[in-house]
Amino acid sequence: MGLLRRRARRPAPAQGTAPAVPRPAGVMLPAPVVTLLGLAAAVVVLGGMRTAQGVVGPILLAFVLAIAVHPVQAWLRTRLPGWLALTITVLVTYAALTAFAAALLVSVLRFAEQVPQYQSELNALLDEGEALLLQVGVDQSQVNEFVRQFDLNQVFSLALDVIQGVASVLTNLAFILALLFFVLIDAGSVHTKLSAIEAIRPRVARSLREFTTGVRQYLVVTAVFGAVVAALDVVLLMALGVPLPLLWGLLAFLASFVPTIGLVVGLVPPAVIGLLDGGPLTGLWVVVGYLLINNTIDNFVKPKFVGDAVGLSITMAFLSLVVWGFVLGPLGALLAIPASLLVRALLTDDDPRHAWANLLVSDRAPEGEELERIAREARAADGRD
């Protein structure tokens, strides 16, 4: 039986309707290739940011300041017209930045005048140390190499880099204030925009809200306790008679925003000045007083208020300091934590499939119901539930 099957005719497309065009199947790259491409893109982006750090740094600072002062603007908008609330917020922020920059620059200029005097005192102290080492039998070449490494400019280089980096940015207050002005104008509608984003991408909206809340809490708590620590350090230095206590207090305040090594940055310069100006006992008391004040505040008081605002492990905090300090210079060291929180919010928080990466950089591991919720969301995103 030679039965010929007639091919079924496809229904003709309706008049006025374009025929369907089959979509090409997507090409799936292996996971290692995707990882390498992501790392390569990160290197390119960070390299571009480093090249333009003179612009990127102030922009990031302006956005961080806007996040910090937005609650003040929102509170004023409930009691005053919008334009007046914006004007007061910008003027208060401008006045605070100007006063801080002026105090910082004056202190740096005063310190620059006294550096030659301290250099001569350091040389005299090194001569005494050299003679002592020779008496105990240390080889002359080793002593010379050891003494050659001690230069006052190197002792203060890290601290002065932070101060000069901040001062150079604050001298460009016109650009920062203008950008801050426009950001605060848009901030009036940020809640409406987030509500619209939540209707489209709820996890992105939640991630952005958590980012702004965490950064704001981190900045406020760090600034408050940094000011407390700086004030106590100034009182200590004045009691010990260490020169330029205001400069070292400002340095201690800035160093409170530098993760992991902030204490060292704020401690070394006043300790060395105390040693050169008042002798070994004064330098020792500066070290003991700084360690007592900073460790008490940082380890016993501050964590109760900061809570989970940062959520970064100590290792990631240090790597943030290294990476952002390299990319954005000294200002990057101060903005390392907010910048890392922004990257985490954009790359990991909005996608349940990236929860594992978020856990790797976190300072704690989820347990119980929280862990079950994260695992359930990740399985749902992978299509396994």
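Just so you know, these numbers come straight off a predicted model, no measurement behind them. Along the sequence shown, the residues carry numbers beginning at 1.
Contact record, Leu219 with Ala68: CD1-CB, 4.0 Å, taken as the closest heavy-atom pair. Taking every heavy atom of both residues into account, Ile273 and Pro243 meet most closely at CG2-CD, 3.7 Å. Annotation for Val55 and Pro58: closest pair O-CD, 3.4 Å, computed over non-hydrogen atoms. The heavy-atom pair separating Pro280 from Leu275 by the smallest distance is CA-CD1, 3.5 Å. Residue Leu236 comes nearest to Gly289 through the heavy atom pair CD2-CA, 3.6 Å, listed as atom of the first residue, atom of the second, then distance. When all heavy atoms of Met49 and Val56 are compared, the closest pair comes out as CE-CG1, 3.7 Å.
Under a 3.5 Å cut-off, the side chain of Ser207 and the backbone N or O of Arg203 do not form any donor-acceptor pair. Put simply, the side chain of Arg50 never gets that close to the backbone of Leu328: no donor and acceptor are under 3.5 Å apart. Listed for the Asn295 side chain is a donor-acceptor partner under 3.5 Å among the backbone atoms of Leu291. At least one donor-acceptor pair closer than 3.5 Å links the side chain of Arg216 to the backbone N or O of Ile67. Judged purely by atom type and a 3.5 angstrom limit, Thr213 has no side-chain atom pairing as donor or acceptor with the backbone of Glu210. Of the possible donor and acceptor atoms, none in the side chain of Ser340 sits under 3.5 Å from a partner among the backbone N and O of Ile337. Judged by distance alone, with hydrogens and angles left aside, the side-chain atoms of Trp248 form no donor-acceptor pair with the main-chain N or O of Leu267 at under 3.5 Å. When atom types are taken as modelled, the side chain of Glu198 and the backbone of Arg206 share no donor-acceptor pair closer than 3.5 angstrom.
Between Thr282 and Asp277 there is no side-chain heavy-atom pair separated by less than 4.5 Å. In this structure the side chain of Val228 never reaches within 4.5 angstrom of the side chain of Phe253, judged on heavy atoms. Using a 4.5 Å heavy-atom threshold, the side chains of Leu342 and Val215 count as separate. Residues Tyr290 and Pro270 meet the side-chain proximity criterion, which asks for heavy atoms closer than 4.5 Å. At a threshold of 4.5 Å between non-hydrogen side-chain atoms, the residues Leu39 and Val43 do not count as touching.
The distance from the CG atom of Asn294 to the CZ atom of Phe225 is 13.0 Å, given to the nearest 0.5 Å. Here the OG1 atom belonging to Thr87 is positioned 10.5 Å from the CG atom belonging to Leu76, to the nearest 0.5 angstrom. Interatomic distance, Thr89 OG1 to Leu65 CG, rounded to the nearest 0.5 Å: 12.5 Å. Note: Asp233 CG to Leu251 CG = 9.5 Å, rounded to the nearest 0.5 Å.
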Verdict with supporting geometry, Leu86 and Phe181, side chain to side chain contact (heavy atoms under 4.5 Å, CB included):
CA-CA 8 Å; Leu86 174 64; Phe181 176 76; 3.7 Å; yes

Apply side chain to side chain contact (heavy atoms under 4.5 Å, CB included) to Leu194 and Arg209, showing your working.
CA-CA 8 Å; Leu194 282 178; Arg209 284 197 176 96; 3.6 Å; yes

Derivation and outcome, side chain to side chain contact (heavy atoms under 4.5 Å, CB included), residues Leu179 and Ile59:
CA-CA 7 Å; Leu179 181 58; Ile59 290 176; 3.8 Å; yes

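A cation-pi arrangement is absent between Arg344 and Phe211, since the terminal nitrogen or guanidinium carbon is not both under 6.0 Å from the aromatic centre and inside a 45° cone about the axis.
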